[in-house]
Participant: 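I am attaching a structure below and will ask some questions about it afterwards.
Hydrogens, waters and symmetry mates are skipped; everything else that's a heavy atom, side chains included, is used.
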Amino acid sequence: MVKRIPFLLIAGLAVVVAACTQNGSSNPATAETASTTARERTGTTEQSYAGDTRAPEFPPDLDWLNTDRPLTLEQLRGKIVILDFWTYGCINCIHVIPDLKRLEEEFAQELVVIGVHSAKFENEADTDNIRQIILRYGLEHPVVNDADFAVWRSWGVQAWPTLAIVDPAGNVVGGHSGEGVYSLFKPVLDSLVQEFEGQIDSSPLDIKLEKAGLPETALSFPGKVLADADGDRLFIADTNHHRIIVTGLEDGNVIEVIGSGDRGRADGFLRTASFNQPQGLALSRDGERLYIADTENHLIRMVDLPTGQVSTVAGTGSKGTFPPTGGSSPTTGLNSPWDLALAGDRLYVAMAGYHQIWMIDLAEGVARPYAGNARESTTNGALDEAELAQPSGVDLDGKGRLYFADSESSSIRWADVDGEERMVGILAGSDQDLFSFGDEDGVGTEARLQHPLGVAVEAGYVWVADTYNSKIKRIDPDTGAVKTLAGGRGWRDGLDPLFYEPGGLDAANGKLYVADTNNHSVRTVDQATGETATLVLTGLERYAVDSDVDRFGGTVVTLDPFNVAPGSGSLILDVAFPAGYKVNPFAPSRFEWKVDGGVAALAPDAAGSVVNPSFPMEIPATFKAGDGSITGDLYLVYCEAEQESICLIEQARVVVPLMVGSGGSTVAIDYTIELPDL
């Protein structure tokens with residue numbers, strides 16, 4: 001992807017030509033230097049990366065995130081600074097994030113990374129949307145919204161992603177466009193740390209992260225869903241919780257949880273296996289094998305549902321290199337597999353990182369490119385000559401055609417999977433270039449979409465999650481006519497519903513099941529009327545790994561000591577919910593109590609799960625002389641009172657010191673849930 005602004009070389013800026021070139025192709029980084037390096041200018045054999053050109057300062061009046069104040073390069077003197085020019089839908093930009101996190105960990109005292117978000121899509125320029133993506137990808141460095149490309153122009157940037165290094169004196173060291181950042185930047189940072197010894201500011205940067213104080217949600221940025229009408233099951237990729245949740249198709253009752261919830265790549269049993277931001281799902285015809293696009297692990301995983309065993313089907317666990325080539329499934333590198341569609345033993349993969357559709361022959365154990373030549377563009381034609389643009393959603397129509405959401409070209413395209421003449425074509429959206437997008441119903445290439453991520457075929461239509469427009473649309477596959485069924489940005493159920501960047505959808509029994517990603521929920525949509533409801537999950541607490549809330553980052557509150565008399569009494573727990581919120585009447589809340597010092601005995605039924613608890617809650621107790629404490633672990637599920645929209649989770653540990661000798665007969669615990677100030 002390229003914003004066509006002339007590249008202004010700054011004196012002393014060593015630019016490495018790489019992934020996103022002027023014609024929009026996405027190829028691997030090469031090490032071609034476009035200007036003289038600082039080392040060469042010194043005329044010595046000793047390596048030096050210190051720059052001699054002052055880095056352009058940030059303009060005023062920009063929106064900053066992950067920090068409570070705007071930053072300047074002047075303030076950051078003494079730090080090595082990496083500027084990451086990115087746009088959040090770009091797969092190459094996503095691939096840079098792990099490299100930056102690794103550098104941030106290894107140079108925690110010397111380095112500050114600043115994300116310069118220069119948006120490609122209109123939707124990506126919105127500060128609130130950037131905030132959501134910061135939370136989704138776990139970014140812990142400051143990000144500035146460069147919506148008008150002011151910072152981009154001052155640095156002469158040409159492509160996403162582009163990264164530049166500023167030395168501790170505030171001068172430009174050099175830059176790189178494309179992926180492969182860690183191996184290129186680490187030796188430069190090592191050298192700068194040595195060269196500026198004694199001048200490095202090792203004090204931590206005091207910033208306020210966007211995630212600070214946020215409540216936990218039952219789902220976290222769910223990416224895809226799979227509806228199994230025959231088995232009456234719904235599979236949900238709970239992406240940022242790194243797990244798959246299985247519920248009843250109609251009632252939302254949790255049947256199973258696949259994955260420990262910890263980020264990882266371990267095979268094994270359901271509860272111990274681990275994933276890394278899973279996305280697309282596919283189910284075998286007999287309903288016994290679930291295939292998972294384990295996106296950030298660059299793997300395809302399989303769950304044997306009857307036995308509960310998780311195994312790896314394809315991929316090495318590392319991002320595949322260019323040029324993409326096929327081979328044995330376990331030894332072939334994959335590149336951000338985003339969605340799956342299964343026909344017999346043929347598993348089709350939306351390989352977003354390679355801009356291709358792949359096919360895995362499950363019987364033969366072979367994985368290979370199926371459609372697309374790995375150049376990022378909009379060219380249609382023969383399978384191996386077509387150029388795709390980050391396909392992120394796939395589904396089969398059962399008639400020999402595979403439809404896919406080609407997200408970066410903002411179109412819905414198709415590829416033949418049967419017949420002699422196998423081609424790639426376009427169903428709806430722009431076929432002009434990667435920058436023609438919008439929100440317009442119409443026919444075929446006259447219609448406009450904006451970065452769609454989800455597609456499903458059912459009931460004679462192709463249904464689309466038009467992600468950046470926050471809408472659900474349907475397309476007539478015979479005519480290419482596009483019609484908006486429902487949506488717009490926000491949260492609302494009913495006949496005029498709102499969504500927030502839905503990433504995936506599936507269809508069954510006259511309904512659409514939508515992964516409403518930024519609303520952390522699954523919505524059901526009537527295919528005929530567009531009437532929408534929220535699927536409320538129940539029973540999820542049964543699958544918690546353990547009851548130690550500290551493991552999940554719960555709040556710990558220690559109250560002032562209580563004086564109480566020995567004998568019969570009670571513990572009274574009163575919980576105050578935020579204004580406009582109430583306890584979820586369907587999802588059980590959980591209470592666990594622990595007594596230290598033998599100072600009390602609580603009623604046997606005080607602990608456990610309670611459906612629709614009412615407060616204040618009175619628990620009979622018998623107090624015994626001595627000093628000790630009562631600790632309560634609270635797991636409370638609550639929702640908006642009127643719309644019952646996003647279900648939030650409050651996990652807290654309340655510690656009550658007790659002195660049993662004299663006093664009253666009641667210990668009162670008051671706990672207030674506070675929403676963060678967003």
Side-chain angles (χ1 to χ4, degrees), residues 1-3 7 14-34 82-106 111 113-118 120 133 137-139 141 152 155 157-165 173-189 276-277 295-299 315-325 332-338 350-356 358 369 372-377 387-392 407-408 434:
M1 296 176 294
V2 177
K3 183 75 175 181
F7 191 83
V15 179
V16 180
V17 178
C20 300
T21 60
Q22 283 287 359
N23 61 15
S25 67
S26 182
N27 297 317
T30 60
E32 178 182 344
T33 303
I82 292 178
L83 301 184
D84 173 26
F85 291 86
W86 65 302
T87 185
Y88 73 71
C90 163
I91 193 66
N92 305 98
C93 301
I94 294 170
H95 287 166
V96 166
I97 292 172
D99 280 3
L100 290 176
K101 287 183 177 180
R102 188 175 175 187
L103 290 171
E104 288 175 293
E105 291 172 359
E106 295 182 13
L111 174 65
V113 174
I114 296 179
V116 183
H117 191 276
S118 308
K120 169 187 172 180
I133 214 71
Y137 289 120
L139 303 185
H141 55 251
W152 174 287
W155 281 83
V157 177
Q158 288 185 302
W160 298 283
T162 290
L163 299 98
I165 301 175
V173 172
H176 168 77
S177 293
E179 301 179 24
V181 171
Y182 177 81
S183 60
L184 289 172
F185 279 20
K186 185 182 187 304
V188 178
L189 269 56
N276 191 352
Q277 294 212 314
T295 302
E296 290 207 4
N297 276 329
H298 309 286
L299 296 173
T316 64
S318 298
K319 180 166 62 72
T321 58
F322 280 82
T325 56
T332 297
L334 310 182
N335 197 324
S336 291
W338 213 273
M351 199 71 73
Y354 277 145
H355 307 293
Q356 292 178 313
W358 276 46
N373 62 10
R375 290 175 60 86
E376 184 181 16
S377 189
E387 297 177 356
L388 316 184
Q390 204 172 310
S392 303
S407 62
E408 281 297 295
L434 302 180

Participant: Indicate yes or no for a side-chain donor-acceptor contact from Asp84 to the backbone of Gly115 under 3.5 Å, with no hydrogens or angles considered.
Facilitator: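 It does not hold such a pair.
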Participant: Would you call Thr162 and His176 a side-chain contact if the rule is heavy atoms closer than 4.5 Å?
Facilitator: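 No, their side chains stay 4.5 Å or more apart.
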Participant: Indicate the atoms forming the closest heavy-atom contact of Thr332 with Thr325, along with that distance.
Facilitator: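 Heavy atoms of Thr332 and Thr325 come nearest at CG2-O, 3.4 Å.
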Participant: Taking side-chain hydrogen bond (donor to acceptor under 3.5 Å, both in side chains) as the test, write out the residues that go with Glu296, two or more places apart.
Facilitator: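 Result, side-chain hydrogen bond (donor to acceptor under 3.5 Å, both in side chains) vs Glu296: none returned.
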Participant: Any chance you could measure His298, atom NE2, to Asn335, atom CG, to the nearest 0.5 Å?
Facilitator: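 Answer for the NE2-CG pair, His298 versus Asn335, is 6.5 Å.
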Participant: Closest approach of Met351 and Leu334, non-hydrogen atoms and distance?
Facilitator: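 Heavy atoms only, the tightest pair is CE-CD2, 3.8 Å.
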Participant: By the definition side-chain contact (heavy atoms from CB on, under 4.5 Å), identify the one residue from Glu408, His355, Glu376 that meets it with Ile91.
Facilitator: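 Checked Glu408, His355, Glu376 against Ile91; only one passes side-chain contact (heavy atoms from CB on, under 4.5 Å): His355.
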Participant: Identify the two heavy atoms, one from Ser183 and one from Gly180, that lie closest to each other, and give their separation to 0.1 Å.
Facilitator: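 Heavy-atom minimum between the residues: OG-O, 3.7 Å.
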Participant: Would you please name every residue forming a side-chain hydrogen bond (donor to acceptor under 3.5 Å, both in side chains) with Ser336, sequence neighbours left out?
Facilitator: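 By the side-chain hydrogen bond (donor to acceptor under 3.5 Å, both in side chains) rule, Ser336 matches His95.
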Participant: Who passes ring pair (Phe, Tyr, Trp, His ring centres under 6.0 Å) against Tyr88, sequence neighbours left out?
Facilitator: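 Partners of Tyr88 under the ring pair (Phe, Tyr, Trp, His ring centres under 6.0 Å) test: His117, Tyr468.
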Participant: Report the C-alpha separation of Val188 and Val173 in whole Å, then their side-chain angles, then the decisive distance to 0.1 Å, and conclude whether the side chain to side chain contact (heavy atoms under 4.5 Å, CB included) test is met.
Facilitator: CA-CA 9 Å; Val188 178; Val173 172; 4.0 Å; yes
Participant: Please check if the side chain of Thr295 supplies one atom and the backbone of Trp338 the other of a donor-acceptor pair under 3.5 Å.
Facilitator: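 Here the side-chain-to-backbone pair does not exist.
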Participant: Do you know which two heavy atoms are closest between Gln390 and Gly89, and how far apart they sit?
Facilitator: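 In this case the closest contact between Gln390 and Gly89 is NE2-O, 2.7 Å.
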Participant: Excluding sequence neighbours, so at least two apart, what forms side-chain hydrogen bond (donor to acceptor under 3.5 Å, both in side chains) with Trp86?
Facilitator: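 Expected list: none.
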Participant: Between the side chain of Asn373 and the main-chain N/O of Arg375, is any donor-acceptor distance below 3.5 Å?
Facilitator: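 Yes, because the side chain of Asn373 sits within donor-acceptor range (under 3.5 Å) of the backbone of Arg375.
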Participant: Between Leu139 and Ile97, is any pair of side-chain heavy atoms under 4.5 Å apart?
Facilitator: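 Yes, side chains in contact.
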Participant: As an exercise, state the distance from CD1 of Ile133 to SG of Cys93, rounded to the nearest 0.5 Å.
Facilitator: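 It is 11.0 Å, given to the nearest 0.5 Å.
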Participant: For Leu189, give me all partners under side chain to side chain contact (heavy atoms under 4.5 Å, CB included), at least two apart in sequence or on another chain.
Facilitator: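 With sequence neighbours excluded, Leu189 shows a side chain to side chain contact (heavy atoms under 4.5 Å, CB included) to Ile80, Ile82, Leu103, Phe107, Leu111, Ile165, Phe185, given in chain and number order.
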Participant: May I ask you to decide if Pro391's main-chain N or O and Ser407's side chain share a donor-acceptor pair within less than 3.5 Å?
Facilitator: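 A pair under 3.5 Å: no.
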Participant: Side chain to side chain contact (heavy atoms under 4.5 Å, CB included) with Pro324: which residues, sequence neighbours excluded?
Facilitator: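 Pro324 satisfies side chain to side chain contact (heavy atoms under 4.5 Å, CB included) with Phe322, Tyr354, Gln356, Trp358, Ala374 only.
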Participant: For Trp160 versus Ser118, what's the shortest heavy-atom pair and its separation?
Facilitator: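 Closest approach of Trp160 to Ser118: NE1-O, 2.7 Å.
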Participant: Check salt bridge (Lys or Arg N to Asp or Glu O under 4.0 Å) between Glu106 and all other residues, then give those that pass, not counting sequence neighbours.
Facilitator: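 Partners of Glu106 under the salt bridge (Lys or Arg N to Asp or Glu O under 4.0 Å) test: Arg102.
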Participant: Using every non-hydrogen atom in the two residues, find where Gly178 and Leu163 come nearest and quote the distance to one decimal.
Facilitator: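 Distance-wise, the nearest heavy atoms are O-CD1, 4.1 Å.
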Participant: How would you list, by chain and number, every residue that makes a side-chain hydrogen bond (donor to acceptor under 3.5 Å, both in side chains) with Lys319, sequence neighbours excluded?
Facilitator: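 By the side-chain hydrogen bond (donor to acceptor under 3.5 Å, both in side chains) rule, Lys319 matches Glu179.
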